Chemist: 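Please see the structure below; I have some questions.
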Amino acid sequence: MSKLIHIKKLGLAFYKDDFVRVHSLVTPKLDIYGIYIYFRDGKSDFIKCTSKRQANLWCTLIVKKIKESENDNC
């Protein structure tokens, strides 16, 4: 069974097996910061952030949560 990844502060929950990748979107000229999360079914979520630093931190946290869930299964 796939482990549920839940990040309460972002209001985000998804199954680890549905996850494909995550990357941050940083366009300072347009003042747009956020992260894209891509899933196996072709869907994606965009989460708006307030700064480049916050977007990078959330990306790192999501990847860390995924890796932790892989270690829990071993």
Side-chain angles (χ1 to χ4, degrees):
M1 186 169 155
S2 180
K3 178 152 175 122
L4 181 68
I5 306 296
H6 185 228
I7 301 171
K8 199 181 284 188
K9 287 202 176 210
L10 291 179
L12 182 67
F14 57 89
Y15 287 103
K16 180 182 77 72
D17 290 345
D18 293 340
F19 174 82
V20 175
R21 69 185 173 111
V22 62
H23 79 269
S24 60
L25 171 71
V26 178
T27 53
K29 288 184 179 179
L30 299 176
D31 198 32
I32 299 173
Y33 305 99
I35 55 173
Y36 275 106
I37 302 169
Y38 295 95
F39 300 100
R40 290 200 190 284
D41 60 2
K43 294 182 181 176
S44 64
D45 278 340
F46 178 75
I47 299 168
K48 189 160 174 46
C49 299
T50 57
S51 68
K52 177 181 177 180
R53 182 177 182 273
Q54 186 184 42
N56 289 334
L57 286 172
W58 281 122
C59 278
T60 303
L61 176 74
I62 291 169
V63 170
K64 183 179 176 185
K65 285 258 192 193
I66 298 250
K67 292 198 184 278
E68 284 175 2
S69 73
E70 289 173 354
N71 292 338
D72 289 345
N73 291 339
C74 294

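Every value quoted in this text rests on a predicted model; they were computed, and no experiment measured them. Side chains are part of it too, since the values below use all heavy atoms of this structure and drop only hydrogens, waters and symmetry mates.
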Chemist: Heavy-atom distance under 4.5 Å between the side chains of K43 and Y38, does that happen here?
Modeler: no
Chemist: Ring centres of F19 and F39 under 6.0 Å apart?
Modeler: no
Chemist: If you measure from CG on D18 to CD1 on I37, what distance do you get to the nearest 0.5 Å?
Modeler: 12.0 Å
Chemist: To the nearest 0.5 angstrom, please state how far the CG atom of L12 sits from the CG atom of D45.
Modeler: 6.0 Å
Chemist: Do C49 and W58 have side chains that approach each other closer than 4.5 Å (heavy atoms only, starting at C-beta)?
Modeler: yes
Chemist: With a 4.5 Å cut-off on side-chain heavy atoms, are Y33 and L25 touching?
Modeler: no
Chemist: Suppose we call two aromatic rings close when their centres sit under 6.0 Å apart. Are H6 and F14 close by that rule?
Modeler: no
Chemist: Give me the atom names and distance for the closest heavy-atom approach of V20 to R40.
Modeler: CG2-N, 3.4 Å
Chemist: Taking a hydrophobic cluster as the set of Ile, Leu, Val, Met, Phe, Trp and Tyr residues connected by side-chain heavy atoms closer than 4.5 Å, whether directly or through intermediates, do Y36 and I32 fall within one such cluster?
Modeler: yes
Chemist: Measure the spacing between NZ of K65 and CD1 of I62 and express it to the nearest 0.5 Å.
Modeler: 10.0 Å
Chemist: Which distance, rounded to the nearest 0.5 Å, do you find between the CG of L61 and the CG of L10?
Modeler: 7.5 Å
Chemist: Side-chain heavy atoms nearer than 4.5 Å, only ILVMFWY residues, links allowed to pass through others: does that put I7 and L57 together?
Modeler: no
Chemist: Is the backbone N or O of L30 less than 3.5 Å from a side-chain atom of T27, with the two atoms forming a donor-acceptor pair by type?
Modeler: no
Chemist: Measure the CD1-OG distance between I35 and S24 for me, rounded to the nearest 0.5 Å.
Modeler: 8.5 Å
Chemist: Can you measure from NZ (K3) to CG (D17) and round to the nearest 0.5 angstrom?
Modeler: 12.0 Å
Chemist: Is there side-chain contact between I5 and S69, with at least one heavy-atom pair below 4.5 Å?
Modeler: yes
